[in-house]
Structure formats: structure tokens, C-alpha cells
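Every chain is numbered from 1 and lettered A, B, ... according to where its sequence line falls, protein lines coming before strand lines. This structure is a prediction, so every number in the text was calculated from the model and none was measured.
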Amino acid sequence: MDKLLTNKYGVKGAVQRADAKLTLALRKTVSNPLLHYLIFGVIMCVIGYIAKQNTGVIPYSWESGLARTFAYSIASVGFCLLMGYSGLASLGTGGFIGIGTYAMYYIMGVLDLPFALAVVVAIAIAALVGIIVGFISLRIEGIYLVILTLGLSEILRQIYVAVEDNISISRFRVFIETITTRSVTIYYVMVALIIVMIVTTNLINSPTGRAMLAMKNSTSAAQAMGISLIKYRLLAFVLCTVYAALSGVMYMVTTRSVMASDANGTYALITSLNILAAVIIGGYKSVWGAVFGTFIMYGLQTTLLQQVNFLADNPIIITFFSGILVIVVVMFFPGGVAQLLVELKGLIKKLIKKIREGRYGKDLG
Amino acid sequence: MTYLLNTLFATLVPMCVTAMVTMAITLIFKTSSTTNFAQGVISAFGAYFVSYFMGEKVGLSIWIAMPIGVIASTLVAVLIDVGIFRRGRYVNAVGKQIITMGLISIIVSVIPMIFGMTQPSINKFVSGNVQFKGALEGLVVTNNALTCVGITVAVLGVIFILLRFSKWGLTVRATASNEYVAGMMGINTHVVTAITWGLAGALGALAATMLASENASISVYFMTNYQVYAFLAGILGGFATFYGPVIAGVAIPLINGLVIWALNMLGLSEYSGWSMVIVYAIALIIIFFKPQGLFGKRIAKKV
Amino acid sequence: MEKTSVKTSPRVQKKLIQARQSINWIKAELESLPELYEGKKQAKLARFKNKLNKQLSSAAFKACDKGEYYDGVIDSKLMRYDVKKYMAHRALNHGTAKRIFGTVKLGQSYDEILSEQYAKYQQLNAARAEYKGKLTEKKAAFVEKHGAADATEYNALIAKKQAEYDEYEAKLTAAYGAAMSEKAEKLSQKLKGYESLTEQLSAKTAGGLKLEEDVLLSVRDLKMYFGGLKAVDGLSFDVKKGEIFGLIGPNGAGKTTVFNCITRFYDATGGDMYFENKYGEVVDMRSFKVHDVILQGISRTFQNVELIKEISVVDNLLVACTREYKTGIIGQALGLPSLKKEEKLLRAKAMKILKFMGIESYAAWYAMGLPYGILKKVEIARALMCDAKLIIMDEPAAGLNDSETADLTRTIRRIRDEFGVTILLVEHDMSLVMNVCDTVCAISFGRMLAIGTTDEIKKNKAVQEAYLGVDEDEEAQPQEEAEGNE
């Protein structure tokens, strides 16, 4: 009788243990980041859908505002991988986004070929550009690299201006649905964003992510550990540019027209800086942070703050305060919102501990 | 021949503007170790002041309005240094860049609050052209461009002489080389950085005024392109010296002019929109093979 | 020894490395097979046991003595109070100054605090007794309600269930045994394939180089010039297998440069370096890139600890295995199960090494904020991760205090003995060098002064002369330590 539990509490105990195991499995599922991404995507899609119904529950403009924000978020997530994990920085995001928009314009608008081809072409060209920047990054480092990528982005922008300044597509087909101005485009953006987030999270927690961190920490130590600088620098830049191009594709899906020569437009320095700021605000090592930071930089203005009448009449005030916010975050919270949350968590724990201490003495905590 | 010279003379003002902005950016890069992305909008701020004081409401001459604009820009720049950068000394290099980017947002929103949503203009310093006769007939050189060249040469010349020979120049160079050690050697690095920021603001306002006098219309972002040229010039010439970036800054518009001329000569005038692409590509190739810049020195890396 | 230059294509070399890594993986998988299947079996058994127990529960309750059962219920209900009581008791017993000052209020003395705590303890006790009394009152009613123990049903059931359980276990054992032997068979066939491939390839790459019988690393006439500066100028020495070799010399003697030449951070101006790699072939080190050195079996530690601060200690160890993963980047991006399998095997290995170093309790800690001595150990553990044959240590004792240095001495010996690695170290701390090294090589200005056992070096005149400035080095050490502790 030794194999079965037959003591007097054993019956109950075994059942409890089984329950505990179940809750553990449940907990594991609930704490899985991939599930969080999915839930987030579904919620955003629902918001977009309700907004497009124009029933007044959620303002109509929210759908396009959110869709554009999350299209930019794709580029931010790539930038987070580049800066937070590889320790490299670039100001070429604006130009790289252009790769995606032009691929969309030529493949779908001019040649009328399928959407999938546009994505593939955008990724291929972006990967090529990424490899070029990666090779440059082997020779030039730090702030010089930043300026150089800025130059490269400017080259791309000049090429766009020279090729076709003002691009726009009126209606085009993505898979089966024809996209017009009244379509709910946030679906496509969310699918792309969630894929990007999942891939990034996987990479961060994989040997590749660790290798990148090692490279960021000390290039010589990384090399001694068998990490090839060429491989991982190229990889980091390729990922960053591919994400940016993907973000361009999604931008085109949602916005459908861009002007290249606009000195304050999508391909200009200001976009690269905004993405950089978004990643800094969010906390440059957190995927959620990057998405949240982009929301602050782009989404806040087009959604929540538009509801306040005064701010809707004077949009310039929002710009003013976003500038101040950026400066305050950089100066006083260098870890961004992600760090702020961690600190807040610690503070709450401390508070609970203090309350407990008051009751049972210090050892309980 | 006449065409080549005319193309080159047309780039005179861009050359002056780029040289000045490059100097401003180099000064800030060396003392505050950051690339000042707000340089363009600070300069535009000065230009708005100049246009306001020249406009219908006040109606001053450009020679009086310009110093006012320069002073305004200087004050803004000094305020930025004292109010923000002095407090954020321990922010890393990327963080400082982001701060300057936040400054763009602030200044861009402050300008319409003060001046309204207008796109003002500035009159030329001097109107008319230089008259040529004989073999040189057909050349077009505006008096305004020559005035700009005069101002640029004078201002940059004075700055270079001060940097090279004055005690202040020595303190700036010391701070640029190592702020911490300079501080320990008894140099008041706070004052030095504040002065360089002020100087950068002043140079920016001058450059913006010159550009506006040639191009007429001012907007918040109208200096952004020149700011990008200046960054590129900075690494093309190498931030190790002060003269390197300025020379590169003069060279970029010059090469642009030459490229346009060459394209026209080759009968490719419909591709003249690509001239800037070619210039950038040339610059990037040079930087790729000489990462320390044309006038920089190679620094050995220690493992 | 003749220098024969048989150049093999990098492609063949890459293939060879991949084949060898595959062999390693298969061997590791084979080793882990019994554990894996036993675990699977136990998990299934436990689930089955739970199921049976649930079916038994009502009969078991009838069978047991109700009074005893209720006592157990009381005990478990009182557990809450017992925990609190234990904590209060501990707070009373272990009154440290810090805790006292932490909770002190204005005008409150130590005695007052203690008495307050004691009052709380008494209160708890009273509450517990009261609760117990309440429960005990209910006991009689409970026993009366459920009646006496009746084990007939239970006895009848238990035998049946036990038989069911035994049958299930036998079935599982057979099934998993068959599955395991099948898998093992498959793997060993794969292994054979890779082994023959390796033989073919290594026949191609073998350069006909040979070293003397027990020599592991041979440095010959090494020269490293930086412009006009001759950092290393014609240095030759042999490192024997299994020895601890020390490289000493005054500041600026070129010790670290020698290291950097061997690990290919610098491309030597002249000279040769031959090394018997971990597969028993003699290779010319100069034909490798810096990031390929680790694949040959040379790993190193750094003077200032170069760990990644943002990830855990065990993850830091895994960084050294980056080249060993067979799952490609796309596989990693998709989070394939093969990656998880590899991670599991490597993590187990990392834990083993951490245990050997005596720091397994820090495995899940972030490297940030750990004491400097621990970080040094983590770095050595990382160097052990990649099955190295030669570990190069750059000033392992820099920044350590005396007891930590003594500990390090023991650790270095243990590593040599248990892992069979050879150790080459550069060190300023003479006590460490003289205690731990078998052979010492003294250099000055890039040239050899003397080589021999520690005693020979101590007596050597030239070394003594070169070391007249040794005092300065020793003074410099406490400063480094202070930096490390920050």
C-alpha cells in the first residue's frame, strides 16, 4: 500500500496539490507575454471597429489615429531592439520608413500587383539598406554613426523627392478586401504589430538577444565569447530597417498618401527623432515601452487630447507640452516609463511591508 | 565658362549659411558633447525677430534689426544651456540629443504664439548686381551675396582668431578636449559652455537672416536642411578640429553646385534633382574610408 | 618542427565545426534521455495517482477515525496563528540594532519596544487558544454526525485501485522503455554519421602540424610592433598540458599584448603560435578570426570584469555558448521547441558549473549589484562553459582582498584538476603567482627575462632588477578594489 496515498489527510492533500498544479499552469499561461500582445491587439481592433461604426461611443477619428500610431510603433519596436539591445543608434528611421511606402506605391499603386509582393519587396530592399548601414557601423561608432545614418536617410529622402515627390493610392486590395477611406485598417496594422512584437520578444530572450547585449556591453568581451561583431551588427540594423519598412507599408495602408519634400514630413529628421524620443520615453529596453512611447508621441494628440475642446482649437499647446514631457523624462527618469513602473511596484511592495512590519515586527516581510 | 561661374556664384549664400551653422554645431558638439538638433529652429527664431523688427509695425533697417534678432537667439541659446544642459550634465549623449529634440517641439510651438501663423520675409541687405564688362559679361553676382560673404568671413575670421590666440579660446579648447579636467584646472566650464551656446545661437541667427535675405520666405523648419548639411560637414571634416567642419561645410554646397553644372554639361539637366543625392553619396564614401574625417586624427583603441 | 602551410577552405572548416557541434549535442541528448523519459513517466503516474485518489476520497473518509480526522482539521486551521507566532517569536529573540532603530519611535526605548513586541506575542497566543477552544467544542458534534470508522468499503476498493495502478505503471514503463531505446538508436546512428563526416573533413583540414608530446600552446618568436614601439619583441615559450603558467613582468612589459596576440585581438607583426585544439589537432592560431578562437578551445577572462549587468548570472554563462546553438536566427525568432531543448541542456550544464564554483545560489540574480568577488567567479565560470582546453586569465586577483585571493588560488587549482584545463595567467599579485603557478615566465619590455619554476624565478637576478618598482603596483591595488566595490 505504499504507492497510493492512504494516510488520513493524504486524500485531501493530493487533491489540493493537483489544484495547485492547475493554478500554476494557469498562471504560466496568464503571465505569458505573447498572450498579452494578443489581448492588446484584440482590444485595439475592437476599439477601431466601434470607432468606424460612427455611433458616437468612440470618436470616428480614433481609428485612423490609433492605426497610424501603431504603424509607427512597428518602427519603434525595431529601434528598441537596435538601441536597447545592440547599443547602436540611428537617425535613419524616417528614410527607412519611406522604403515601405514606395514599395507599396510602386507594387500596388502603379503595377497593381498583390499586397504580399509589396511586403516582400519592401523587406528585401530594407534588408539591403540595413546591410549597408551595418557595414558602415563596423567602421564608425557612436554619435558619428548617428549623424551618418541621418545623412543616409537624407539621401533616401532626396531620392524619393527626385523619383516621385507626392505619392498616393486611392483604393487597393489587401488579400481579399479592397481598402478605401472607409475601411477599418487597424486590423492590418495590429496583425503586423503583434507579429513584430512576438518576434522581438522571442529574439530578446534568445541567444541572439544575449549576444546583442554582450556586444553592447563590451565589444572585446563579446568577441572573446565567440560573438561575431559583423553578424550581429548587420542583424541589428537589418531588423531595424526591415521593421521600419514594414511600418512604412502599414503607414501606406492607413494613410494612403505621403509627400517626400515636406521638410517636416514622414521621411524627415523629425520622424526619426520622434521615434527615438518614443523609445526613450518608454524605456529603451522594453517592447511595451516602445509602443507606449509611440502612443505618447503620436497617438495622444490624435485621440485623447482631441476630446478637450481647448486643445483641439490650439494643437500647438500639445506640441509644447510634449517637448517639455520629453525633456523631463530624459532628465529625471532615464529608464523611461518602464523604469517608472518598476519603481512604483517596488514602492507599493515597500508600503505593504511597512504595514506588515507595524503589525508583526520586521521579520515578516 | 560663364555658366560654371554663375552656378558657383549662386551657391555663395548657401556656402556662407552652411559654414556658419557648421561652426555653431561644432562649438556645441565640442563643449556639450551633443549634436544640437534644435540649432535650426533657434536660428529660425532669430530670423523671425529680424523680420518682425523690419516689418510694417516697427520698420527698422536690416542693420539694426539683425543685431536684435541675433541677441534674441543668443539669449534663447544661453537660457537652454543654463536652464537645461547645466542641470542634465550626467545625462548620456543620446539623452542630450533627445533633449535638443524636445527643444524643437517647444520652440516650434512658441514661435507661432509670439509671431502668429505667418511666413514673413526679410529684405535684401543690398539690392542690385555687380556690373561686369568685357570677357566677363553675363556673370550674375548679387551685391547681397557679396555682403553675406563679407559678413561670414569677418565673423568666422574673428572667431577663429579668438579661438587660436585669446585666453577665452584656450579655455574653450580645453573644455572641448576634456570638460572634467578643464574644470579641475580652474576653468569655469559653466561660463565657457554658456558662451559657446550663446555664440552658436548668434551664428545661427546670422545664418538664418542671410538665408532669408536671399530666399525671402521664413518658416519654422526653413533651416533644417542646412542643419543636416552641417552635421554631415561635421563628420566629413572631423569634429577633432574647428576648421575641418567649416571647410567641409563650405565644400558641400560648392560640390552641389559643381554637380549641377556637370549634370547640365552632360545633357542630363532633367536629373538635376539628384544632385544632392550625389553629394551625400560622395560625402558618405569619403567618411567610410576616412572614419575620423578629412582633418581628423586616428585614435588608437585599447582592449 | 616544420611549418607546413596547408590552407583549407573556410567552408570546410565551418562544416567541420558544425559537425563537431552536432556530435556534442547528440551526446548531450543521449545522456539526458533516461532522465527525460523517467520524468515523463513520473508525471503521468502522478496524474493517474491523483485520479485514483479522487475516486477513493469518500471511501477513505468513511474509513478513518473521525476524531483523529478532526484533530488534523484543527491543526491545519491553527497553522495561520502558528506562522504569526513564529514570526513574533523570532522578532523577540533576534533583536538586532538595525531592526530596533528601524522601528523606533520618538521617545521610545529599547525595553519599551521589546515589551510592546512581547504584548503582541501574548495577544497572539491568547487568540490562538481561544480559536482552538472554539474548534474543539465542535469536535464532538462532528464525530457524532459522521459516525464511527467503517473500513470495509475502503479495503475492498484500495486493493482494486492498487492493482489498477500497478498495471498502469508496468504499461508505462514498457512503453517509455521502448520509446527511449528507439530514440537512442536513432541518435546513435546519427552520431555515427557525423563521426564519419568529421573524420573525412578533419583528414582534409589536418595541416600536418605537430607539437612536442605534452605541449599545448607554443609561442615562437612572437613580435608585436605598434608603429615604432616594440611591445613584444621576439618572445618564445611553451605551455605544457595541464599546467598553470604565469606570465609576469613590470607595468608595460607587454604581458597583456601577448594575451591579445594569442586571442587574436591584435594581429601579431611576426612569429607563430601553435595550439593543440580541443579535438586534438594542432592549429596555427594566426589563421583564425578573433571570434573563432573560442571554438578552438581557448577562452579568457578580463582584467575588469566584463559581464552583462542587465541579465542574470546563468544567462551570462550562456553567452559563452552563443556559437553552440544549432537553431538559427529565424528559429530563434519563432521560438521553436528545438531552441528550448538546447537551452534546457545548456542551462543544466551552467548550473553544474555554478555549483562547482560554489555560487549556484546566485544563479537567478542579476549581475548588477553583486559583490566584485562573486562577479570574478562568474567570469571564470563563464570561461568554463565552452569546454575550453586553455583558459587565459588577465589579472584574476586584481581588486580582490587577501581572503578572496586565497580562495581564488584554491579555485584555480580545482579547475585545473577537475576540468583538466590548462591555465595561462597574467598577474601582479606575487603571492598568487608564487602559490599557484607551476611555471613562471618573466618578461620585460617585450623580451624574455627568465622562465622556470617559481623558485628559480625568485632567485633570478634579472627578474629582481626588473621588479625594483614593484612597490608601486602593490600600492595601486587597494584603489582598484575600491572602484570594483562601487
Side-chain angles (χ1 to χ4, degrees), chain A residues 83 89 91 132 135-136 139-148 150-159 161-163 165 218-220 223-224 262-264 268-270 272-274 276-277 279-281 284 314-332 334, chain B residues 29 33-35 37 40 84 87-88 90-113 117 219-222 224-225 227-229 231-232 234-236 239 271-281 283-284 287-289 291-293 301 303:
Chain A
M83 194 162 82
L91 277 179
I132 293 172
F135 271 116
I136 293 174
R139 289 182 62 87
I140 299 159
E141 286 179 332
I143 215 154
Y144 294 86
L145 179 64
V146 173
I147 298 173
L148 208 71
L150 166 62
L152 204 69
S153 163
E154 213 39 41
I155 289 186
L156 287 174
R157 191 168 78 91
Q158 297 288 348
I159 291 176
V161 173
V163 169
D165 189 359
S218 149
T219 48
S220 44
Q223 282 177 315
D262 187 357
N264 191 27
L269 174 61
I270 197 82
S272 311
L273 285 173
N274 275 342
L276 180 64
V279 173
I280 296 269
I281 288 177
Y284 57 100
N314 303 296
I316 212 81
I317 289 179
I318 302 176
T319 321
F320 183 75
F321 281 106
S322 77
I324 287 183
L325 177 76
V326 166
I327 293 175
V328 166
V329 166
V330 172
M331 284 177 72
F332 302 108
Chain B
F29 183 85
S33 67
T34 181
T35 48
F37 290 117
I84 296 169
R87 280 155 218 277
Y90 302 105
V91 177
N92 61 13
V94 176
K96 283 180 179 170
Q97 285 182 324
I98 302 296
I99 290 179
T100 61
M101 177 271 102
L103 288 171
I104 296 181
S105 300
I106 294 177
I107 295 172
V108 158
S109 51
V110 164
I111 288 175
M113 286 182 205
M117 295 293 228
S219 71
V220 245
Y221 290 112
F222 88 122
T224 310
N225 276 343
Q227 180 189 328
V228 174
Y229 296 167
F231 288 140
L232 205 66
I235 47 171
L236 189 61
F239 275 122
Y271 292 107
S272 60
W274 290 78
S275 65
M276 229 29 238
V277 177
I278 295 169
V279 175
Y280 276 123
L284 288 193
I287 294 165
F288 187 74
F289 289 107
Q292 68 278 16
K301 204 175 150 194
V303 178

> Where does B:Phe29 contact chain A at under 4.5 Å (heavy atoms): side chain, backbone, both or neither?
Replying inline: side chain
>> Would you compute the distance between atom CG of A:Leu276 and atom CD of B:Gln97 and round it to the nearest 0.5 angstrom?
In response: 7.0 Å
> Nearest 0.5 Å, what's the CD1-CD distance between A:Ile140 and B:Gln292?
Replying inline: 9.5 Å
>> Below 4.5 Å, heavy-atom pairs only: which of B:Thr35, B:Thr34, B:Thr100 has the largest tally toward chain A?
In response: B:Thr35
> Where do A:Ile147 and B:Leu232 come nearest, in terms of heavy atoms and distance?
Replying inline: CG2-N, 4.1 Å
> Does the pair A:Val326 and B:Ile99 meet the rule for a side-chain contact (heavy atoms from CB on, under 4.5 Å), with working shown?
Replying inline: CA-CA 7 Å; A:Val326 166; B:Ile99 290 179; over 6 Å; no
> Relative to chain A, which of B:Ile287, B:Thr224, B:Leu236 shows the most heavy atom pairs under 4.5 Å?
Replying inline: B:Ile287
>> Counting heavy-atom pairs closer than 4.5 Å to chain B, which one of A:Leu148, A:Val161, A:Ile317, A:Leu150 comes out on top?
In response: A:Leu148
>> When you measure from the side chain of A:Arg139 to the backbone of B:Phe288, do you find a donor-acceptor pair of N or O atoms at a distance under 3.5 Å?
In response: yes
> So what's closer than 4.5 Å to chain B heavy atoms on A:Leu325: side chain, backbone, both or neither?
Replying inline: neither
>> Please report the interatomic distance CD1(B:Ile107) to CZ(A:Phe320), rounded to the nearest 0.5 Å.
In response: 10.5 Å
> Are the side chains of A:Met331 and B:Ile84 in touch, meaning some heavy atoms are under 4.5 Å apart?
Replying inline: yes
> Of the backbone (N, CA, C, O) and the side chain (C-beta and beyond), which part of A:Ile270 lies under 4.5 Å from a heavy atom of chain B, both, or neither?
Replying inline: side chain
> In terms of heavy-atom proximity below 4.5 Å to chain A, should B:Leu103 be classed as side chain, backbone, both, or neither?
Replying inline: both
>> Please classify the contact of A:Leu269 with chain B as side chain, backbone, both or neither, using a heavy-atom distance under 4.5 Å.
In response: side chain
>> Are the side chains of A:Leu91 and B:Phe37 in contact, using a 4.5 Å heavy-atom criterion?
In response: yes
>> Out of the candidates A:Leu273, A:Ile280, A:Val279, only one should pair with B:Ile98 under the side-chain contact (heavy atoms from CB on, under 4.5 Å) rule; please name it.
In response: A:Ile280
>> Counting only non-hydrogen atoms closer than 4.5 Å, does A:Val146 touch chain B with its backbone (N, CA, C, O), its side chain (CB onward), both, or neither?
In response: side chain
>> I'd like to know which of A:Leu156, A:Val330, A:Ile155 tops the heavy-atom pair count under 4.5 Å against chain B.
In response: A:Ile155
> Rounded to the nearest 0.5 Å, what separation is found between the OG atom of B:Ser105 and the CZ atom of A:Phe321?
Replying inline: 12.5 Å
> Step by step, would you call A:Leu152 with B:Tyr280 a side-chain contact (heavy atoms from CB on, under 4.5 Å)?
Replying inline: CA-CA 8 Å; A:Leu152 204 69; B:Tyr280 276 123; over 6 Å; no
> Between atom CD1 of B:Ile278 and atom CD of A:Gln158, what is the distance when rounded to the nearest 0.5 Å?
Replying inline: 11.0 Å
> By a 4.5 Å heavy-atom criterion (distance strictly below it), what part of B:Phe222 contacts chain A: side chain, backbone, both, or neither?
Replying inline: neither
> Looking at B:Val110, B:Asn225, B:Ile104, B:Ile106, which makes the most heavy-atom pairs under 4.5 Å with chain A?
Replying inline: B:Ile106
